[in-house]
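The chains referred to below are lettered A, B, ... by the order of the sequence lines, with proteins before strands, and numbering in each begins at 1. Below, each value reflects all heavy atoms present in this structure, side chains not excepted, and no hydrogens, waters or symmetry copies.
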Amino acid sequence: MFDCEKVISERARATSPSGIRKFFDLMADMKDVISLTIGQPDFVTPWAIRESGIDSLQKGKTYYTPNAGLPELRAEISGYLKRKYNVSYKPEETLVTVGGSEAIDLAVRAVVDYGDEVIIHSPSFVCYGPLVSLCGGIPVIVSTDEKNEFRVTAEQLREKITPRTKMIILSYPNNPTGAVMRREDLEAIADVVRDTGIVILTDEIYAELTYGGRHCSIASLPGMAERTIYVGGFSKAFAMTGWRLGYACAPLPILKQMLKIHQYTIMCASITSQFAGIDALRNGDEAVASMTAEYDRRRKFILSGLDELQIPCFTPRGAFYVYPNISRFGLKSDDLASKLLYDYGVAVVPGTAFGAGGEGFVRISYAYSVKHITEGLERIGKFAKDSGK
Amino acid sequence: MDKEILTLLENDARLTTKQLAVMLSKEEGDIKKKIEEYEKSGILLAYKALIDWDKTDKEYVSAFIEIKVTPQPDRGFDRVAEKIYNFPEVQSLYLMSGAYDFAVLIEGKTMKEVAYFVARKLAPIDSILSTATHFVLRKYKDKGVIYGAAEVDERGNCL
C-alpha cells in the first residue's frame, strides 16, 4: 500500500489548517441551527451582471483571455479605482485574478523571500499568515486593540519593524471586526513607511461596504502607490463570490513578477466572470448602493439587538460583521461558540479563528435577512439570560 | 426616509416601529407619525399575510377573468370597475391596455361556484360585453414570494 504521508512536503505539512473548519463541519450535520457565520453576501449577483456573463457564453466567448485579463476589464478597473477612491494605477498596472485570494497569494510570492518578515495585524482574515509561511517568510503579528477600534497604529508598526521587514499587510475594512481606517490613521502609517524599503499589501476587498463615511485607501496617499500592492475584487461588492474574480494593482516592476507567477499557475481568470465584471464596474453602482443600504440597516439592527442584551460590541463601519466582546460570560471564545451551537442552536465564529488576539470575542455575520438575525439574537439572548452573568 | 419605510413594510409587514426606527436611524415617534400619515392618506392600505393555501386542506379555486367593456360616457371605466370590485369574491381588479379591458382575479370554493359567479353576477353587469374565464392551476409566485419549496441557504462556509 503506497504511504502518502511520506511524500507530503514539509511546507504543506507545516501549514496550519483553518481552526474553524472542524466547527463548520460539525455544524453542517446539525438541524435547526441559526447560522450567523457566513462570510459571503446573501444577495444574488445582480441580474444585469449575470446577464452579461450569460451573454458572453451565448456569443461563444469560451477561450483563454490574455494572462493579465481582458484589456477592457483592466481599463475599467483602473477607471473605477480612480473614480471611487482616487487610487491611480494605469490599466497596465492591473492584473485580473481568480478572486482577491489569488491576488494576495501572488503579491506575497512576488515579494516575500525566505526569512523576510511580514507584519500582519490581528485579528484578520486567516490566509495572510499561512501564505507568508508558505514562502518561507515570517509572519509578525500585531494585535489591534478594541479601545482603538481595532485600528493598527503607526506606533505599533514602528515597534515591530526590523531590518528584515519586507512587507506590511493592511486589511481594511476588516474581517472579522468590521473596523475601518480613517485618512489620518493611514497618513500616520504612510509616514512610517515612506523612507523605508517596505512594501504595503492592502487588501481592500470590502471597500464598497462602508457605512457613514467614504472608504479611504492608503494607495491614494502621496508617495504610496509606488510601493503599494492594492488588492480588490468583485466578491463582496457585487455579490460575486462564486464567480472568483478579483484584481491586483501594483507598480510595474512588482506587477510583472506577479503576472509571471500567474501565467504559470492560473494562466487567466475565467472569461465569463471577466465579461460579467466589466458590466459590474460600468453599471453596478446602483445595485451596490442598494445592497450597502440593506447591510447598513441590518448593521444598526444587530448592534441594537446586542445592546439590548448588554453584550458590548464596538461599532463597526465596514464589511458585514459585528465583533462583540463576550468576556463577561467568563468563557473562552471556542467554548462559548460551542455552547451556543450545541445548547442554543445558534452558530457564531469564535474570534480565535482569526488569531490569538481574538480570544474573548466572536464574529457575527449580518449577511442574512432581518428575520434570520432576529431569531439568532433571540437564541443568543436565551443563552445570555441562562448564563446569569 | 420617505419611501424606505414603505419598501421595508411591503417586504415584511410585521416589522415593529422600533425595528424600523433602529434600521433607519430615526426616532420611534417619528416612524409612528409617518406610518399614521401614510395610513390616513391611503398610501399604506393594509397589512396582509401571504398564505400558501395549497399546503392546507382548504378547498378553493382561483380564476383569472378577462373582461371587455363599453366605457360609459363621462366616466370611462370607473363606474364599471366599482361595480366589479365591490363583490367580495373579487380579489384583484386591474384596468389593462391591450386585447381586453379588465383583468379580474376571483376566488371561490369550487369551479362551479366561480362559473356561477361569472355567469350570474359578473357578466350581466351593464356595459360588460364579454368575459373569458381562465382557471388558475398552480401558483408559483405571488407578490414577490415564491410558493412551494422552503428556502434553503446553500451558501458554503469557506473560512
Side-chain angles (χ1 to χ4, degrees), chain A residues 17-28 33-44 99 101 125-127 175-176 211-212 235 239 241-242 244 290 293-305 307-308 347 349-350 353-354 363 365 367-374 377, chain B residues 1-38 43-44 46-53 55-56 140-159:
Chain A
S18 162
I20 200 57
R21 191 74 256 161
K22 226 179 8 178
F23 185 76
F24 287 152
D25 292 340
L26 286 166
M27 208 175 87
V33 170
I34 295 287
S35 172
L36 295 171
T37 60
I38 206 83
Q40 52 175 318
D42 59 322
F43 296 105
V44 183
S101 299
F125 186 54
V126 301
C127 78
N175 170 15
Y211 317 106
S235 294
T241 39
R244 310 311 300 120
S290 158
E294 174 62 18
Y295 284 132
D296 195 15
R297 282 191 286 268
R298 297 167 182 179
R299 182 186 66 104
K300 293 175 200 163
F301 184 78
I302 202 171
L303 284 171
S304 162
D307 188 52
E308 267 175 37
V349 183
F354 304 95
R363 184 192 82 174
S365 162
Y368 295 97
S369 68
V370 165
K371 190 160 163 252
H372 188 93
I373 294 169
T374 307
L377 285 171
Chain B
M1 174 178 56
D2 246 23
K3 293 200 205 79
E4 260 190 295
I5 297 180
L6 296 173
T7 311
L8 289 173
L9 282 174
E10 192 178 37
N11 195 42
D12 184 356
R14 294 220 298 178
L15 287 171
T16 62
T17 45
K18 184 155 183 256
Q19 287 172 319
L20 287 166
V22 166
M23 287 195 283
L24 299 173
S25 298
K26 295 275 184 267
E27 292 298 319
E28 203 180 334
D30 292 339
I31 301 280
K32 263 202 184 107
K33 208 165 141 230
K34 202 78 199 174
I35 291 179
E36 273 165 18
E37 272 171 38
Y38 284 139
I43 292 174
L44 218 184
Y47 301 84
K48 293 203 157 193
L50 233 51
I51 314 284
D52 187 354
W53 287 109
K55 292 207 170 100
T56 70
Y140 285 100
K141 191 176 186 185
D142 192 12
K143 296 190 174 49
V145 176
I146 296 174
Y147 284 56
E151 248 183 78
V152 175
D153 189 349
E154 293 173 316
R155 295 175 292 166
N157 275 307
C158 279
L159 243 192

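In terms of the side chain to side chain donor-acceptor pair (under 3.5 Å) criterion, residue partners of A/E308 (sequence neighbours excluded) are, by chain and number, B/K18.
Minimum heavy-atom separation, B/G156 to A/I38: O-CD1, 3.5 Å. The two residues B/N157 and A/M27 make their nearest non-hydrogen contact at ND2-CE, 3.6 Å. Nearest heavy atom pair, residue B/D153 against residue A/Y368, reads OD2-CE2, 3.7 Å.
Neither the backbone nor the side chain of A/P17 has a heavy atom closer than 4.5 Å to any heavy atom of chain B. If you measure heavy-atom distances from A/A28 to chain B, you find no contacts under 4.5 Å at all. Of the atoms belonging to B/D12, not a single heavy atom falls under 4.5 Å from chain A.
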A/R297 and B/L8: side-chain contact (heavy atoms from CB on, under 4.5 Å), yes or no, with the steps?
CA-CA 10 Å; A/R297 282 191 286 268; B/L8 289 173; 3.5 Å; yes
Hey, mind stepping through B/M23 and A/V370 against side-chain contact (heavy atoms from CB on, under 4.5 Å) and telling me if it holds?
CA-CA 10 Å; B/M23 287 195 283; A/V370 165; 3.7 Å; yes
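Distance alone, capped at 3.5 Å, places no donor-acceptor pair between the B/R155 side chain and the A/G39 backbone.
Annotation: B/Y140, atom OH; neighbour count of heavy atoms from other residues, nucleotides and ligands within 6.0 Å does not exceed 12. The environment of B/E37 atom CD is dense: over 12 non-hydrogen atoms of other residues, nucleotides or ligands sit within 6.0 angstrom. The environment of B/E27 atom CD is sparse: at most 12 non-hydrogen atoms of other residues, nucleotides or ligands sit within 6.0 angstrom.
Here the side chains of A/T374 and B/Q19 are in contact, with some heavy-atom distance below 4.5 Å.
Considering CZ of A/F301 and CG of B/L24, their distance stands at 12.0 Å, rounded to 0.5 Å.
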